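Remember, predicted model here, so these are calculated numbers, not experimental data. The sequence lines fix the lettering, A, B, ..., with proteins before strands; numbering per chain opens at 1.
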Protein chains: 2
Amino acid sequence: VQENPFIDWLTRNQRTHPQVAVGIGDDAAILTPDARDAVISTDLICDGVHFQATACAPEQIGHKAMGVNLSDLAAMAAEPIAAFASLLVPSDTEQDYVQRLIDGMSRLAAEFDMTIAGGDTNTWCGLLAINVTVVGRLTSHGPLLRRGAQPGDVLLVTGSLGGSIQGHHLDFTPRVRESLYLIEHYNLSAGMDLSDGLAMDLRRLTNASGCGAEIVARQIPISRAAKRMAQSPEDEIERALGDGEDFELLLAVPPSEAVEILAKQPLDVPLIAIGHCTAGSELWLVDGAEKRPLPERGYEHGADDRQ
Amino acid sequence: VQENPFIDWLTRNQRTHPQVAVGIGDDAAILTPDARDAVISTDLICDGVHFQATACAPEQIGHKAMGVNLSDLAAMAAEPIAAFASLLVPSDTEQDYVQRLIDGMSRLAAEFDMTIAGGDTNTWCGLLAINVTVVGRLTSHGPLLRRGAQPGDVLLVTGSLGGSIQGHHLDFTPRVRESLYLIEHYNLSAGMDLSDGLAMDLRRLTNASGCGAEIVARQIPISRAAKRMAQSPEDEIERALGDGEDFELLLAVPPSEAVEILAKQPLDVPLIAIGHCTAGSELWLVDGAEKRPLPERGYEHGADDRQ
């Protein structure tokens, strides 16, 4: 266990947070509670699955390790407080590389006023992996849960979808500010972040809410990267439905709220209506005059499976 | 990201905890605060460093992954609430193996009334690694910190030390109950858990407290495993000072308290006085009539370094 370099650095560079009474330097961190609920999430990223260590900078890997966790706080509409990071690094890794990785993590944490309150570095004969646990707290507006969507609710997404592998997955900005703004100013029924592709994540939201949904192919905001990668218009939609790692927000909001949100466009990033929730439990994709079941894993595979 | 098997299992087997409002099944867990401070720690164990996957059962690995984190809560005198686990498993791992590993984790969590409130499984081409983050809360008696030891305080350890590699490191019971009992009934100046060997961890405690210490070689409780492994009486002490992964408690207590604790022996495990804190910052080992600097990494290496 070679935990000292990371801990030493964190000790020197520790940011204060009013709710972190004891950060680095003891056996654990102590967080002072306030009256609000705490939100906790943990996520691990590893070489060959979530990034290719040979094809990206260590700062990007650190950014992603922190970003995927901040995206989970955004998905709950929680304010970030503290992060805890475990690094697992190949034994031949240079200290400078580890430092740059930590820089990537800590820069994104600082952008969201979050302190890194614990961490360690383990050296081993395996590949690079990073686990981050984040702690946040709810605002007085409560959590944004996956359950709560009602038939008739409009489905909104932030930004554009698909093609994240072209670079977005390494430099995305987690939608923490957007989520907190929306829950403060609007009545949201349900929401989550898009990490495994719209098709799969929409099913999670509707399953949790006990409803179905109908989305409209031509309304889905397709990223420029997805368009560049696509072989055909159908392929563009497939990518937007199935690619994953968009780290955008998927929201279900009552129709009256949706009208106001869509007219006002209160965020720096576009909010687009892609369909609505329905009674029952099925998911449908409206594509021109055609309406067919939305495949589990996106457009193409589902089309193969179901038709 | 193949997160479903672990999450599915956790969803079916979820324990309730009065402070866990939302556990598995959304983007993050929600913990309801009470007036007490929260304690958070994270620790990762990996194949080839903290265990040899080919030489132990998956239940033992799960036990250790949870146990090292519970030991950190014990080190702070915090009551366990919730754990969050990330598994990183080789892609050829059988489902049954993963399930047995989860069983090992969840059995120990249950023993300490802790719920596993989040987790995911990632499959990759690398080796096995497990990260666990635990959340606890302080009692009304406050935290047990590394700082706070005073010159004159008696140094106590629970259990016996050294030779953990013979098996103890895979089946130890974290000293959560012992720590909570002691902080409730006695005035403790400082404390921590012993994870990197008495010599190194004692230095962490005295550094945090701004004091020195003097420990007596023949008073150090040496485990049967350390005695079996040792080549000589000196080697026994070296193992007790340097071996690591004892997961026992090291405490600094005022002399009057120490007298009471030692007379009463209130725990199921022995509490032994090994020395006392001193003014200054140096660590000394009294060995018969001789007194010499306590080496950083234990007995032997330090003797080489310093004499």
Side-chain angles (χ1 to χ4, degrees), chain A residues 1 21-22 25-50 71-73 75-76 78 82 84-88 117-120 122-127 129 131 133-138 143-147 192-193 195-196 208 244, chain B residues 1 21-22 25-50 71-73 75-76 78 82 84-88 117-120 122-127 129 131 133-138 143-147 192-193 195-196 208 244:
Chain A
V1 187
V22 173
D26 215 297
D27 294 294
I30 300 181
L31 273 59
T32 309
D34 60 8
R36 293 177 186 167
D37 284 350
V39 175
I40 301 184
S41 185
T42 193
D43 230 329
L44 181 150
I45 66 170
C46 59
D47 192 6
V49 179
H50 305 94
S71 187
D72 281 326
L73 290 185
M76 301 292 278
F84 300 81
S86 299
L87 309 187
L88 195 49
D120 70 311
N122 295 281
T123 305
W124 76 334
C125 64
L127 298 171
N131 192 88
T133 302
V134 283
V135 180
R137 62 169 183 181
L138 296 181
L144 179 62
L145 297 177
R146 294 183 183 180
R147 61 176 183 253
M192 65 186 297
D193 69 324
S195 55
D196 293 330
Chain B
V1 188
V22 172
D26 215 296
D27 293 295
I30 299 181
L31 272 58
T32 309
D34 59 9
R36 294 178 185 164
D37 283 351
V39 175
I40 301 185
S41 185
T42 193
D43 230 328
L44 181 149
I45 65 169
C46 58
D47 192 6
V49 179
H50 306 93
S71 187
D72 281 327
L73 291 185
M76 301 292 278
F84 300 81
S86 299
L87 309 187
L88 195 48
D120 71 311
N122 295 281
T123 304
W124 76 334
C125 64
L127 297 171
N131 192 88
T133 303
V134 283
V135 181
R137 62 170 181 179
L138 296 181
L144 180 62
L145 297 177
R146 294 182 184 181
R147 61 177 181 252
M192 64 186 299
D193 67 326
S195 55
D196 293 331

(message) Once side-chain contact (heavy atoms from CB on, under 4.5 Å) is applied, do any residues pair with A:L138, and if so which ones, sequence neighbours excluded?
(response)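 A:L138: side-chain contact (heavy atoms from CB on, under 4.5 Å) contacts with A:D37, A:V39, A:A78, A:P143, B:I30.
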
(message) Can you confirm whether more than 12 heavy atoms, excluding those of A:R36, are under 6.0 Å from its CZ atom?
(response)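 Yes, because the 6.0 Å sphere around CZ of A:R36 holds more than 12 heavy atoms from other groups.
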
(message) Do A:H50 and A:D43 make a side-chain contact, defined as non-hydrogen atoms from C-beta onward lying under 4.5 Å apart?
(response)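 The answer is no; the side chains never approach within 4.5 Å.
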
(message) Using heavy-atom distances under 4.5 Å, tell me whether A:L127 contacts chain B through its side chain, its backbone, both, or neither.
(response)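 Answer is both: backbone and side chain atoms of A:L127 are under 4.5 Å from chain B.
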
(message) Does any backbone or side-chain atom of A:A29 lie under 4.5 Å from a heavy atom of chain B? Answer side chain, backbone, both or neither.
(response)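 Both the backbone and the side chain of A:A29 come within 4.5 Å of chain B.
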
(request) Please identify each residue that fulfils salt bridge (charged side-chain N to carboxylate O under 4.0 Å, His left out) with B:R137, with sequence neighbours left out. (result)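 B:R137 satisfies salt bridge (charged side-chain N to carboxylate O under 4.0 Å, His left out) with B:D34, B:E79 once adjacent residues are dropped.
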
Heavy-atom pairs under 4.5 Å with chain B: which of [options] has the most?
options                     : value
A:L87, A:L145, A:D47        : A:L145
A:N131, A:T133, A:V134      : A:N131
A:T42, A:L44, A:I40, A:D193 : A:I40

(request) State whether the side chain of B:D26 and the backbone N or O of A:R146 hold a donor-acceptor pair below 3.5 Å, judged by distance alone. (result)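 Confirmed, B:D26 side chain pairs with A:R146 backbone.
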
(message) Below 4.5 Å, heavy-atom pairs only: which of B:A21, B:S86, B:G126 has the largest tally toward chain A?
(response)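 Greatest number of close heavy-atom pairs with chain A: B:S86.
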
(request) Just give me the residue among B:G118, B:A117, B:G48, B:A75 that pairs up with chain A most often, heavy atom to heavy atom, under 4.5 Å. (result)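 Ranked by contacts with chain A, first place is B:A75.
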
(request) Considering non-hydrogen atoms only, spot the tightest contact between A:D27 and B:M192 and give its length. (result)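 In terms of heavy atoms, the two residues are closest at OD2-CB, 3.2 Å.
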
